[in-house]
Amino acid sequence: MAGSVTGEVRAEPNLTPLLDVVFQLITFFMLVVNFTADNYDQRVHLPVAGSARPVEDTQRVSEDRIVLNVDREGHLLVGGQVQPLNEALQTIKHQADLVKLNLKAAGQKVDPASGLPTTIVFRADKDSTFSSVMTLINACQTQGFRKFALKAMTST
Amino acid sequence: MRRQKRKQKVEGPNVPIAPMLDMAFQLLTFFVLTYHPAPQEGQFVMTLLPPQPATAMAAAPAANQAAPSNELPVALRTLPTILKAGDGGSLARIVVEQNEVPNDPKALEEALGKYLQDPDLPFDQTLIKVDPKLRYAELMTVINAFSNAFVKARKDPKLSFVELRPDEGE
């Protein structure tokens, strides 16, 4: 009953081209994946405005920006947590203090007329009310911010 | 005297590719599953000054604001607009310089074009007074129409907005 070794023909497919293709696909996905995603919060559904200008990556990197996500109830979302108004105002004040501290460290002076150089980017939900957004805008203005950017989807 | 060369069969190292391929496929699966294309977002950039009287605004323009195109004060160059909210925060009324404008984005854009493209009218910016109850999406629709109208009039869009007081816009 001992098996005898027969002359089997083993198919050995060449896997190298397959590996090449897989590595190219991995490279593609690694390049297009965006881990930072601009403080993107999925709970916020932006309104649609066709003439909103797309943000260029160079602008995103070079410009000093603070992104504020506002949910449909008008609450500020910080680090995924919903903040009540009093905490939201504290957060904005804290951010303004940090910006002022950075400017001071860099030896730059803040011009009261032009305000802080940082742009506040509002990602507000389409169902939030104007008053809730305006409350946060007013809080930013009180802290010295003057530049604002309102986010919207460029298409549905 | 000729020496015949014999072909020698060179046996190279046999590198197993299968484990590497397995790992590569796992990496590929990870990236395919986690790939989520971010939606195309745009933005409206604006300089919003704290609320202050029109005369003070004229005296202290924003730092990045270009020199006024003419000698008229800011109050006269500003196109006043009022947005009133209806049920559920929908847009009920649009009043541009005391004239009611149809509540439709295209009609609004056309109406704004008449104000902004007319060379006899001095308007080069707008102040939108917004009902606090208005939904943010409705405001963005109006801002979108204003932005288009400014671009068609070949003017730099200058928009700002404040909260509408209860006694205004009646």
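Computed over heavy atoms, backbone and side chain alike; hydrogens, waters and symmetry mates excluded. Throughout, protein chains are lettered first and strands after them, A, B, ... in sequence-line order, and every chain is numbered starting at 1. Predicted, not measured: the structure shown is a model, and the values here were computed from it.
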Problem set entry | A:V32-B:V32 co-clustered via ILVMFWY side chain contacts under 4.5 Å | yes

Seminar exercise, completed: For B:E163 and A:M134, the nearest pair of non-hydrogen atoms, with its separation, is OE2-CB, 3.7 Å

Exercise. Would you find a donor on one side and an acceptor on the other, under 3.5 Å apart, between the side chain of B:Q43 and the backbone of A:P54?
Worked result: no

Exercise. When heavy-atom pairs shorter than 4.5 Å are enumerated against chain B, which of A:I26, A:T16, A:L15, A:T135 gives the highest number?
Worked result: A:I26

Problem set entry | Path from A:L98 to A:V121 over hydrophobic side-chain contacts below 4.5 Å | no

Seminar exercise, completed: Output for pair (A:M153 CE, B:M140 CE), nearest 0.5 Å, gives 12.0 Å

Seminar exercise, completed: Nearest heavy-atom contact between B:N148 and A:S51 is OD1-CB, 3.1 Å

For this session: Could you tell me the separation between the OG1 atom of B:T47 and the CZ atom of A:R146, rounded to the nearest 0.5 Å?
Result: 10.0 Å

Exercise. Shared ILVMFWY cluster between A:M30 and B:F30, side chains joined below 4.5 angstrom?
Worked result: yes

For this session: If the plane angle is over 60° it's perpendicular, under 30° parallel, otherwise tilted; pick one for A:F28 and B:Y35.
Result: tilted

Exercise. Taking every heavy-atom pair that is under 4.5 Å apart, which of B:D131, B:L21, B:L134 has the most such pairs with chain A?
Worked result: B:L21

Exercise. Hey, quick one: are B:L121 and B:V96 part of the same hydrophobic cluster, counting side-chain heavy atoms closer than 4.5 Å, chains of contacts allowed?
Worked result: yes

Exercise. Under 4.0 Å between a Lys/Arg side-chain N and an Asp/Glu carboxylate O for A:K126 and B:E138?
Worked result: no

For this session: Go through the steps to decide whether B:F44 and A:F148 satisfy the test ring pair (Phe, Tyr, Trp, His ring centres under 6.0 Å), and finish with yes or no.
Result: CA-CA 8 Å; B:F44 294 103; A:F148 294 89; over 10 Å; no

Exercise. Side-chain contact, heavy-atom cut-off 4.5 Å: B:I143 with A:L150?
Worked result: yes

Problem set entry | Which portion of A:I137 sits near chain B, non-hydrogen atoms under 4.5 angstrom | side chain

Exercise. Is there a side-chain contact between A:T129 and B:Y136 (heavy atoms, below 4.5 Å)?
Worked result: no

Exercise. By a 4.5 Å heavy-atom criterion (distance strictly below it), what part of B:L83 contacts chain A: side chain, backbone, both, or neither?
Worked result: neither

Exercise. Is there side-chain contact between B:E41 and A:T154, with heavy atoms separated by less than 4.5 Å?
Worked result: no

Exercise. Between B:M20 and A:L19, what is the shortest heavy-atom contact and its length?
Worked result: CE-CD2, 3.8 Å

For this session: Against chain A, label B:L139 side chain, backbone, both or neither, depending on which of its atoms sit under 4.5 Å from a heavy atom there.
Result: side chain

For this session: Could you state whether B:V151 and B:F123 fall into the same hydrophobic cluster, counting links through intermediate Ile, Leu, Val, Met, Phe, Trp or Tyr residues with side-chain heavy atoms under 4.5 angstrom apart?
Result: no

For this session: Using non-hydrogen atoms and a 4.5 Å limit, figure out which bit of B:P157 sits close to chain A: side chain, backbone, both or neither.
Result: side chain

For this session: Please round to the nearest 0.5 Å and tell me the distance separating atom CZ of B:F25 and atom CG of A:L25.
Result: 8.5 Å

Problem set entry | pair A:K147-B:V45: side-chain heavy atoms closer than 4.5 Å | no

For this session: Of all the heavy-atom pairs spanning A:A52 and B:N144, show the shortest one and how long it is.
Result: N-OD1, 4.4 Å

Exercise. So, A:F130 versus B:F161, ring centres under 6.0 angstrom or not?
Worked result: yes

